[in-house]
Amino acid sequence: MTNNKKITIAIDGFSSTGKSTIAKLVAKKYNYVYVDTGAMYRAVALYGFKNGFVGKDFLDEAGLTGDLNKIDLDFKYNIDLGFAEIYLNGENVEKAIRTLEVSELVSKVAAISAVRKKLVKEQQKMGVSGGIVMDGRDIGTVVFPDAELKIYMIASAKTRAERRYQELREKGEDVDYHDVLRNVMSRDVMDSTREDSPLMKADDAIEFDNSDLTIDQQYEKICALIDKRLAS
Ligand code: DC
């Protein structure tokens, strides 16, 4: 079978485009490793927040940069959840990094070149032997420019904010829809206008608009793209 071939799949796009949902399903089907690079930036933001380097109205870039060698990130597979959870200096922070509070700080932290340098290096190491599905903002452009399959996910800001709002409510967070929409839109601007590795579609990426697609429909279409690459 052609499926013995292990390729690298890069999925990029704005926040809440549903990248991780599809990436996890696809990784499971093909028995690939899934890496959520947004979780890595979120964990660094959480570290910065806890240690007083970043807050709503301030960023101590030099302080956080100076502490980067004290930040140890690790993914450990959780068999019950079916995906790997992120650990910050030995502590499971999978939940703590998903709050609106961290979402509001993370774009500032992700714009720091020293942070990106450290995380990109770790991501490239994880994908060295292929068989990986990685999602983020710069996977197809910077981390794996030679990935065999690059998908650029898009969906309207309204659709994305509604999805994120539902997700946060289901987790028991008492959030306001307009705050979530504002956060999604401001992160769009920050992530696509920052100087270092802004979000952009790689020339050879396939644009995939999932605004009106169910998860099942997305899954089917993406698997078809993967099968085509595996057969080529
Ligand atoms: O995918 P996410 O919303 O969990 O990502 C959190 C933040 O991290 C997002 O605002 C942009 C940043 N990010 C990045 O700059 N590069 C990546 N490869 C992944 C995420």
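Quick note: residue numbers are just sequence positions, from 1. All ligand and atom numbering here is 1-based and tracks the order in the structure.
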Note, Ile86 side chain near Asp36 side chain (heavy atom, < 4.5 Å) = no

Any heavy atom of Arg116 under 4.0 Å from ligand 1? The part involved is side chain

among protein heavy atoms, the one nearest atom 18 (N) of ligand 1 is Asp138 OD1, 2.8 Å

What is the nearest protein non-hydrogen atom to atom 8 (O) of ligand 1, stated with its residue, atom name and distance?
-> Tyr41 CB, 3.5 Å

Within the structure, does Arg42 bring an N/O atom to less than 3.5 angstrom of an N/O atom in ligand 1?
-> yes

Interatomic spacing from CZ in Phe144 to CG in Asp138 - rounded to 0.5 Å | 10.5 Å

Give the contacting part of Lys108 toward ligand 1: side chain, backbone, both or neither, where contact means a heavy-atom distance below 4.0 Å.
-> neither

Exercise: do Thr214 and Asp216 side chains pair donor with acceptor under 3.5 Å | no

At the 4.0 Å heavy-atom cut-off, does Met40 count as touching ligand 1?
-> no

Asp135-ligand 1 polar pair, N/O distance under 3.5 Å = no

Check: Ala10 main-chain N/O paired with Lys150 side-chain donor or acceptor under 3.5 Å = no

Closest non-hydrogen protein atom to atom 12 (C) of ligand 1, residue and atom name please, with distance?
-> Ala110 CB, 3.7 Å

Numbered atoms and elements of ligand 1 in range of Arg164, under 4.0 angstrom, heavy atoms | 3 (O)

Would you say Arg98 has any N or O atom under 3.5 Å from an N or O of ligand 1, going by distance alone?
-> no

Side chain to side chain contact (heavy atoms under 4.5 Å, CB included) partner of Tyr47, chosen from Val54, Leu73, Asp67, Ile97 | Asp67

Counterpart residues, salt bridge (charged side-chain N to carboxylate O under 4.0 Å, His left out), relative to Glu170 (two or more places apart) = none

Sub-4.0 Å atoms of ligand 1 with respect to non-hydrogen atoms of Ser107 = 10 (O)

Remaining members of the apolar cluster that contains Phe14, side-chain heavy atoms under 4.5 Å | Tyr152, Ile154, Leu199

Consider every N or O of Thr37 and every N or O of ligand 1, then say whether any pair is closer than 3.5 Å.
-> yes

Is a donor on one side and an acceptor on the other found under 3.5 Å between the side chain of Arg42 and the backbone of Val106?
-> no

Select one of side chain, backbone, both or neither to describe which atoms of Arg137 lie under 4.0 Å from any atom of ligand 1, heavy atoms only.
-> both

What distance do Asn210 atom CG and Thr159 atom OG1 have between them, rounded to the nearest 0.5 Å?
-> 8.5 Å

Shortest protein contact, atom 3 (O) of ligand 1 (heavy atom only) | Arg187 NH1, 2.9 Å

